[in-house]
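Read through the structure below, which is laid out as structure tokens, and then see the notes.
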Amino acid sequence: MPVLSRLIPSPVVVDIRRGALDDLAALLADQRISASGKLAVAISGGSGQALRERLAPALPGAHWYQVADGTIDSAVKLADDIKGDRYDAVVGLGGGKIIDVAKYAAARVGMPMVAVATNLSHDGLCSPVATLDNDNGRGSYGVPTPIAVVIDLDIIREAPTRYVRSGIGDAVSNISCVADWELAHQVNGEEIDGLAAAMARQAGEAVLRHPGGVGDDSFLKVLAEGLVLTGISMSVAGDSRPASGACHEINHAFDLLYPKRAASHGEQVGLGACFAMHLRGARDESLLMAATLRRHGLPVLPDEIGFTADEFVQAVDYAPQTRPGRFTILEHLNLSTDQIRDAYADYAKTIRS
Ligand SMILES: NC(=O)C1=CN([C@@H]2O[C@H](COP(=O)(O)OP(=O)(O)OC[C@H]3O[C@@H](n4cnc5c(N)ncnc54)[C@H](OP(=O)(O)O)[C@@H]3O)[C@@H](O)[C@H]2O)C=CC1
Ligand SMILES: O=C(CO)COP(=O)(O)O
């Protein structure tokens, strides 16, 4: 029997606008996500504390949990802390780390999870994945898709610009991730989901080609929507494949090899995507991507985030080990260290010319 349709796990509410957080309690009540208002809200010890002071009066039934970091230990601790209480939902209110910890904790205790993104630096705000540091480095854990996603553009405007721009790198990198997926399909026959690929690629293209910047709401909306759609593309695919490729392996390698110096996720994947496009011979696309990232003040060369050429070469060399089993342009070319050095020299020359 052919399959005539399919259900896509997706949030019941996506609310992206100025002032969205003012209506959070009403929205959760209206949608029957939290009729009692009893919520476990995960926040960071930094920006989360200030948000707590502002939001607490509007969320009288909330209990606030400070999360130390983005490790699996913190996620398990949060799950242990909330499991005895009968919360309606877990709210992850913060950047990517807090949202991932909240997603994992909610999954562990079987509660719905509401993602309230306070920056736009990553596409994890609506994905069925929690990326957490563990004893072996970092893992991506499958979790349910958030039941609701709320992005208040007033809050986003208060976040450090760096952590808004970063999301441009993550969104645009989708173009390289999908190219890696198509390569794996051609070379290895890996199954590719056309809908997931289309959603991820179009999210990347919309951000790539938008003439605006992080200072205007129309651009912020397209960026936020692109990040949400990218998350849903991962739900369609069943894993992070449409939004994670060679660029992400390079990013994970930076994080693992240089943990104290690593730049932000979006900065690293954007740079990695420009390099990966160059490696696959898509020189015009690589240059267009680099020009766009530059226009937004994002890095396209390692020295722009404090790394030498040699450190970048080491990261690219190590990158395939970060996601064993994933096939990208890096595994396909299987370059030696010297070949990576030559490829990087060619990339840097092209970018600088
Ligand atoms: N699950 C998935 O599918 C994906 C997960 N990720 C993961 O997401 C993480 C990256 O997310 P990212 O958001 O960059 O990292 P963080 O969560 O560390 O947030 C980055 C910075 O933004 C600050 N911040 C956030 N919101 C505000 C605000 N409104 N005002 C002031 N400061 C703010 C945080 O401050 P403070 O710490 O003080 O709150 C922090 O310094 C990585 O761990 C990455 O692996 C990335 C892509 C996909
Ligand atoms: O960061 C991600 C998507 O942007 C998740 O990808 P990974 O599966 O490589 O952790």
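For this chain, numbers begin at 1 and follow the sequence in order. Atoms within a ligand are numbered from 1 in the order they appear, just like the ligands themselves.
In the candidate list Ser140, Ser121, Gly95, Ser121 is nearest to atom 12 (P) of ligand 1, counting heavy atoms. The option with the heavy atom closest to atom 19 (O) of ligand 1, from among Asp239, Val269, Asn119, Leu51, is Asn119.
Here the heavy atom of the protein found nearest to atom 4 (C) of ligand 1 is Gly124 CA, 3.5 Å. Annotation: atom 24 (N) of ligand 1 to nearest protein heavy atom, Ser47 OG, 3.8 Å. In this structure, atom 29 (N) of ligand 1 lies nearest to the protein heavy atom Thr118 O, 3.1 Å. Among protein heavy atoms, the minimum distance from atom 8 (O) of ligand 2 is reached at Ser240 OG, 2.5 Å. Of all protein heavy atoms, the one closest to atom 41 (O) of ligand 1 is Tyr163 CE1, 4.2 Å. The nearest protein atom to atom 3 (O) of ligand 1, hydrogens excluded, is given as Ser127 OG, 2.7 Å; this is a heavy-atom distance.
Numbered from 1 in the order shown, with element, the atoms of ligand 2 that lie under 4.0 Å from a heavy atom of Ala243 read 3 (C), 4 (O). Interface of Ser140 with ligand 2, defined as ligand atoms under 4.0 Å from a residue heavy atom, comprises 7 (P), 8 (O), 10 (O). Shown in contact with His265 at under 4.0 Å from a heavy atom are these atoms of ligand 2, numbered in order with element: 1 (O), 4 (O). Within the listing of ligand 2, atoms 4 (O) sit less than 4.0 angstrom from a heavy atom of Asp170. Of all atoms in ligand 2, listed by their number and element, those nearer than 4.0 Å to a heavy atom of Arg323 are 7 (P), 8 (O), 9 (O), 10 (O).
Side chain of Gln268 to backbone of Ala263: a donor-acceptor contact under 3.5 angstrom is found. When atom types are taken as modelled, the side chain of Asp180 and the backbone of Ile329 share a donor-acceptor pair closer than 3.5 angstrom. Without hydrogens or angle criteria, Lys103 side chain to Gly124 main chain gives a donor-acceptor distance under 3.5 Å.
In this structure, Ser264 has no heavy atom closer than 4.0 Å to ligand 1. For the ligand labelled ligand 2, residue His122 lies outside the 4.0 Å heavy-atom shell. By the 4.0 Å heavy-atom criterion, His252 is counted among the residues contacting ligand 2. Under the 4.0 angstrom criterion for non-hydrogen atoms, Val129 is not in contact with ligand 2. Heavy atoms of Arg138 come nearer than 4.0 angstrom to ligand 1 in at least one pair.
Among the atoms of Val129, some N or O lies under 3.5 angstrom from an N or O of ligand 1. Inclusion of Gly96 in the set of residues having an N or O under 3.5 Å from an N or O of ligand 1 is warranted. Close N/O approach between Asp170 and ligand 1 is not found [any backbone or side-chain N/O within under 3.5 Å].
Counting heavy atoms from C-beta outward, Glu285 and Ile175 have side chains that stay 4.5 Å or more apart. No side-chain heavy atom of Glu225 sits less than 4.5 Å from a side-chain heavy atom of Val14.
The aromatic rings of Tyr344 and Phe275 are tilted relative to each other, their planes meeting at an angle between 30° and 60°.
By the definition of a contact as any protein heavy atom under 4.0 Å away, atom 21 (C) of ligand 1 is in contact.
Shortest non-hydrogen contact noted between Met113 and Ala106 is CB-CB, 3.8 Å.
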